[in-house]
Enquirer: 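Below is one structure. I have some questions about it.
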Amino acid sequence: MATTTGLLLHPPLVRPISPNVSTSRFFLAVSTQFAGNRNQSLFPRKKASGFSTSIAVATDSSAPSISTQNENLVDTQKEESEKVVLPTNESSEKLLRVRHTCAHVMAMAVQKLFPDAKVTIGPWIENGFYYDFDMEPLGDKDLKKIKKEMERIISRNLPLVREEVSRDEAQRRIEAINEPYKMEILESIKEDPITIYHIGNEWWDLCAGPHVESTGKINKRAVELETVAGAYWRGDEKNPMLQRIYGTAWETEEQLKAYLHFKEEARRRDHRRLGKDLDLFSIQDDAGGGLVFWHPKGAVVRSIIEDLWKKLHRERGYDLLYTPHVAKAELWKTSGHSDFYAENMYNQMDVEDELYQLRPMNCPYHILFYKRRLTSYQDFPIRVAELGTVYRYELSGSLHGLFRVRGFTQDDAHIFCLDDQIKDEIRGVLDLTEELLLQFGFNKFEVNLSTRPPKSVGNDDIWDKATSALRDALSDKGWGYDIDEGGGAFYGPKIDIKIEDALGRKWQCSTIQVDFNLPQRFDITYVNSNSEKKRPIMIHRAVLGSLERFFGILIENYAGDFPLWLSPIQVRVLPVTDAQLPYCKEVTKKLKAVGVRAEVCHGERLPKLIRNAETQKIPLMAVVGAKEVETQTVTVRSRFGGEIGTITVDDFVGRTKFASENRTTF
């Protein structure tokens with residue numbers, strides 16, 4: 001809710017029930033043969049002017065060198081084919097018109113084939129279009145029929161004709177064709193006259209446009225129907241469930257092929273499938289939707305993320321907290337959540353005649369920590385951080401793997417400071433954000449600065465000072481950014497940072513928000529140099545967003561092929577026969593003794609053991625036969641480097657330990 005203070009960090013999916021492909025905006029060069037990692041610096045670092053490119057490339061020379069399997073993919077899979085540029089609706093007016101017209105053509109085709117189908121809405125969307133119908137469920141065979149009918153309509157080159165009619169005339173026409181949903185849409189239109197678009201003289205729809213001049217302007221070889229999903233009318237579960245048909249449309253056939261290849265690669269990387277195949281996590285129906293079970297392997301990765309997160313925060317002057325998962329309902333009234341965020345909160349529970357509630361955010365707890373004692377101006381800045389689990393109600397239809405859940409752990413932190421400390425504190429958060437994200441191979445960011453909205457709290461002076469501090473911090477950092485005028489929260493300006501993954505998709509992770517509201521609601525103060533009580537500035541910030549969502553992003557970024565330092569199992573020791581099993585256990589014991597995550601696997605023929613290790617994406621395999629036992633060696637095989645050779649056990653242990661600790665390849 002716009003009127004609630006706190007980090008939401010749980011952005012809604014563009015398609016609540018949709019294909020596996022993420023629909024994050026992208027305008028990138030996509031090879032028709034996927035060519036590996038895109039986490040390389042493709043853009044020069046530019047000084048921010050407020051209207052420069054929003055791409056910020058991390059170039060911190062003090063950061064450790066990161067080597068990942070994705071980089072190896074770049075070396076081994078050369079981009080030999082010509083790149084195809086995928087435009088966006090924002091970059092191509094023609095594409096937007098094509099997609100909008102495709103939605104109308106599809107609706108016309110559906111009603112030709114299924115005369116009883118009732119139409120609702122059909123907009124263009126990020127990678128194509130959709131239309132919702134009130135009709136019987138559709139299958140794959142139905143989609144093929146609809147696509148063929150669309151091709152016939154396109155081939156007829158029917159004109160798209162715009163007509164303006166009175167409200168009464170629009171109502172008369174809608175009643176004549178018995179379209180109840182259109183009548184509801186008409187009632188929601190406030191402007192007159194009413195605009196209608198006709199396809200030839202055979203079909204029409206309430207629409208403001210824009211469209212192409214005729215159906216023949218659509219390249220029928222650049223259109224594809226993707227899937228059918230359920231969608232409630234107006235997004236309300238109390239309304240009828242509709243059939244939503246998704247389609248994609250492009251300017252050229254080459255663009256469609258590139259997009260479908262991108263989509264297939266995204267499907268291959270789907271964290272839900274990989275999470276099951278690699279035994280990383282699950283969501284158990286018996287426990288409830290949107291509640292994540294971290295399996296041992298996934299828990300290893302989470303522990304690595306948490307340990308690194310805690311280390312960097314301690315180094316940068318944060319005190320770490322652990323706070324309760326529930327609180328008195330009165331706390332959420334004070335914070336405003338009960339008034340403005342109630343639909344996302346779980347029901348209250350009665351505990352000894354007092355009402356308690358699961359927390360949807362961590363902010364009030366950190367404020368209570370601040371209020372525990374009198375604070376002097378000399379104590380600032382005060383930085384507190386917590387990996388705090390929160391609980392938010394989500395409709396079952398909107399749940400999506402690790403990306404949209406009902407219980408998740410935020411990497412939450414709050415900074416209490418003076419007005420003149422805002423810039424330095426924001427710059428510190430930017431530095432921490434860059435350092436932490438670089439550890440995981442993310443070095444390209446999209447940065448947005450959102451300014452004061454029409455309705456807000458706080459005086460002009462503090463808004464100007466805070467906004468200038470955010471601008472100055474970004475300028476000092478040397479990051480390009482876009483300005484979202486009026487897009488800030490009602491309680492303060494903010495910076496949002498998206499990371500780019502190996503497919504060029506953007507993911508919202510980091511958020512930095514200045515808050516003038518909660519300090520006032522909780523009446524927090526400090527004593528200044530004149531012994532007067534003043535109100536401090538509060539800054540909310542998160543770097544990873546939530547551990548669940550970030551883990552999902554990591555899985556998809558690496559396609560489950562985690563770099564050696566991050567892999568749940570780093571080494572699998574494989575005996576040729578069970579006769580070598582005791583020696584294999586000794587090798588594993590030595591690896592574990594220096595912190596290497598290793599295991600022995602046996603009971604199958606060696607080729608199958610190797611194949612299983614590759615399927616499970618184990619970075620290193622140590623093969624042991626009779627000769628290796630005799631010479632106290634192992635034969636090392638890398639998942640990406642192939643056969644490395646036979647080396648002594650001590651050398652193998654030392655090199656693996658070094659590669660893991662320094663985050664390099666073996």
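Computed from heavy atoms alone, side chains included, the values below leave out hydrogens, waters and symmetry copies. As the structure is a computational prediction, the values presented were derived from the model and not from experiment.
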Enquirer: Taking all non-hydrogen atoms of both residues, which atom of Ile283 and which atom of Gly290 are closest, and how far apart?
Expert: CG2-N, 3.7 Å
Enquirer: Side chain of Thr334, backbone of Glu330: donor and acceptor closer than 3.5 Å?
Expert: yes
Enquirer: Which distance, rounded to the nearest 0.5 Å, do you find between the CE of Met538 and the CD1 of Ile524?
Expert: 6.5 Å
Enquirer: With a 6.0 Å cut-off on the ring centroids, do Tyr391 and Phe408 count as close?
Expert: no
Enquirer: So, do Ile382 and Ile415 sit near enough that their side-chain heavy atoms are less than 4.5 Å apart?
Expert: no
Enquirer: Is the distance from the ring center of Phe380 to that of Tyr526 below 6.0 Å?
Expert: yes
Enquirer: Would you please classify the geometry between the Tyr341 ring and the His337 ring as parallel, tilted or perpendicular, with 30° and 60° separating the classes?
Expert: perpendicular
Enquirer: Donor-acceptor pair, Arg427 side chain versus Asp476 backbone, under 3.5 Å?
Expert: yes
Enquirer: Are side-chain N/O atoms of Tyr365 and Glu386 paired as donor and acceptor at under 3.5 Å?
Expert: no
Enquirer: Say you draw a straight line from CG of Leu474 to CD1 of Ile497; how long is it, rounded to the nearest 0.5 Å?
Expert: 7.5 Å
Enquirer: Closer than 3.5 angstrom, by distance alone: can the side chain of Gln357 be matched with the main-chain N or O of Tyr346 as a donor-acceptor pair?
Expert: yes
Enquirer: Compare all side-chain heavy atoms of Leu312 with those of Leu432 and state whether any distance is below 4.5 angstrom.
Expert: yes
Enquirer: Kindly indicate whether the side chain of Ile125, heavy atoms from C-beta on, has any atom under 4.5 Å from the side chain of Arg99.
Expert: no
Enquirer: Has Ser376 got a side-chain atom pairing as donor or acceptor with Asp379's backbone, closer than 3.5 angstrom?
Expert: no
Enquirer: Return yes if a side-chain donor-acceptor contact under 3.5 Å exists between His366 and Thr323, otherwise no.
Expert: no
Enquirer: What about the rings of Trp507 and Phe445, do their centers lie closer together than 6.0 Å?
Expert: no
Enquirer: Apply side-chain contact (heavy atoms from CB on, under 4.5 Å) to Lys238 and Tyr232, showing your working.
Expert: CA-CA 8 Å; Lys238 296 177 183 178; Tyr232 292 111; over 6 Å; no
Enquirer: Could you go step by step and tell me if Asp431 and Lys477 meet the salt bridge (Lys or Arg N to Asp or Glu O under 4.0 Å) rule?
Expert: CA-CA 8 Å; Asp431 289 342; Lys477 187 65 180 170; 2.7 Å; yes
Enquirer: Can a donor-acceptor pair be found between the side chains of Tyr481 and Asn448 at a distance below 3.5 Å?
Expert: no
Enquirer: I'd like to know if the side chain of Asp412 pairs up with that of Asn362 as donor and acceptor (distance under 3.5 Å, no hydrogens or angles considered).
Expert: yes
Enquirer: Quick one: does Arg269's side chain have a donor or acceptor within less than 3.5 Å of a partner on Ile555's backbone?
Expert: no
Enquirer: Over all heavy atoms of both residues, which pair between Val543 and Asp411 is shortest? Give the atoms and the distance, please.
Expert: N-OD2, 2.9 Å
Enquirer: Counting distance only, does the side-chain N/O of His313 pair as donor-acceptor with the main-chain N or O of Trp309 below 3.5 Å?
Expert: yes
Enquirer: Within the side chain of Arg244, is there an N or O that forms a donor-acceptor pair under 3.5 Å with the backbone of Ala231?
Expert: no
Enquirer: Return the CH2 to OG distance between Trp463 and Ser468, rounded to the nearest 0.5 Å.
Expert: 12.5 Å
Enquirer: Any luck finding a side-chain donor-acceptor pair between Thr433 and Ser510 under 3.5 Å?
Expert: no
Enquirer: What I'd like to find out is whether the side chain of Val447 reaches to under 4.5 Å of the side chain of Lys498, using heavy atoms alone.
Expert: no
Enquirer: What pair of heavy atoms forms the shortest contact from Phe490 to Pro453, and how long is it?
Expert: CA-CG, 3.9 Å
Enquirer: Under the 3.5 angstrom rule, does the side chain of Glu556 hit a backbone N or O of Ile553 as a donor-acceptor pair?
Expert: no
Enquirer: Could you walk me through whether Lys311 and Asp307 pass the salt bridge (Lys or Arg N to Asp or Glu O under 4.0 Å) test, one step at a time?
Expert: CA-CA 6 Å; Lys311 176 179 178 291; Asp307 290 346; over 6 Å; no
Enquirer: Looking at Arg373, I want to see if its CZ is surrounded by more than 12 non-hydrogen atoms of other residues, nucleotides or ligands under 6.0 Å.
Expert: no
Enquirer: Could you state the interatomic distance from CZ (Arg404) to CD (Glu548), rounded to the nearest 0.5 Å?
Expert: 13.5 Å
Enquirer: Aromatic contact between Phe133 and Tyr131, with the criterion being ring centroids under 6.0 Å apart: yes or no?
Expert: yes
Enquirer: Indicate the atoms forming the closest heavy-atom contact of Leu387 with Lys310, along with that distance.
Expert: CD1-CE, 4.0 Å
Enquirer: Could you go step by step and tell me if Ile539 and Phe416 meet the side-chain contact (heavy atoms from CB on, under 4.5 Å) rule?
Expert: CA-CA 7 Å; Ile539 300 172; Phe416 301 92; over 6 Å; no
Enquirer: Yes or no on side-chain hydrogen bond (donor to acceptor under 3.5 Å, both in side chains) for Thr451 and Glu485, after CA distance, side-chain angles and deciding distance?
Expert: CA-CA 5 Å; Thr451 61; Glu485 293 288 358; 3.0 Å; yes
Enquirer: Which atom names give the shortest non-hydrogen contact between Lys297 and Leu278, and what distance separates them?
Expert: CD-O, 3.5 Å
Enquirer: Could you tell me whether Asp464 and Arg452 have a side-chain N and a carboxylate O separated by less than 4.0 Å?
Expert: no
Enquirer: Show your reasoning for whether side-chain contact (heavy atoms from CB on, under 4.5 Å) applies to Leu368 and Arg372.
Expert: CA-CA 6 Å; Leu368 293 182; Arg372 78 196 189 283; over 6 Å; no
Enquirer: Under a 3.5 Å distance rule, please check whether Arg406 uses its side chain to pair with a backbone N or O of Glu394 as donor and acceptor.
Expert: yes
Enquirer: What are the two closest non-hydrogen atoms of Asp496 and Gln508, and how far apart are they?
Expert: CB-OE1, 3.6 Å
Enquirer: For atom CG of Asp236, is the number of surrounding heavy atoms from other residues, nucleotides or ligands below 6.0 Å larger than 12?
Expert: yes
Enquirer: Taking it one step at a time, do Asp319 and Arg314 satisfy salt bridge (Lys or Arg N to Asp or Glu O under 4.0 Å)?
Expert: CA-CA 7 Å; Asp319 290 317; Arg314 288 192 183 102; over 6 Å; no
Enquirer: Does any non-hydrogen side-chain atom of Leu437 lie less than 4.5 Å from one of Leu544?
Expert: yes
Enquirer: A side-chain contact here means heavy atoms from C-beta on lying under 4.5 Å apart; do Asn557 and Phe440 qualify?
Expert: no
Enquirer: Is the distance between the ring centroids of Tyr130 and Trp124 under 6.0 Å?
Expert: no
Enquirer: Hey, what do you get for CG (Leu280) to CZ (Phe562), rounding to the nearest 0.5 Å?
Expert: 5.5 Å
Enquirer: Got a second to check how far Asn344's CG is from Arg392's CZ, nearest 0.5 Å?
Expert: 7.5 Å
Enquirer: Would you say CG of Asp285 has more than 12 non-hydrogen atoms from neighbouring residues, nucleotides or ligands within 6.0 angstrom?
Expert: no
Enquirer: Is Asp515 reaching over with its side chain to a backbone N or O of Asn517, donor-acceptor style, under 3.5 angstrom?
Expert: yes
Enquirer: Decide side-chain contact (heavy atoms from CB on, under 4.5 Å) for Phe293 and His295; before the verdict, give the C-alpha distance in whole Å, the side-chain angles of both, and the deciding distance to 0.1 Å.
Expert: CA-CA 6 Å; Phe293 285 69; His295 296 189; 4.2 Å; yes
Enquirer: What about His414 and Tyr370, are their ring centers closer than 6.0 Å?
Expert: no
Enquirer: Yes or no on side-chain hydrogen bond (donor to acceptor under 3.5 Å, both in side chains) for Thr120 and Arg234, after CA distance, side-chain angles and deciding distance?
Expert: CA-CA 10 Å; Thr120 61; Arg234 299 293 197 188; over 6 Å; no
Enquirer: Which word best sums up how the rings of Phe550 and Phe442 line up, parallel for under 30°, tilted for 30 to 60°, or perpendicular for over 60°?
Expert: perpendicular
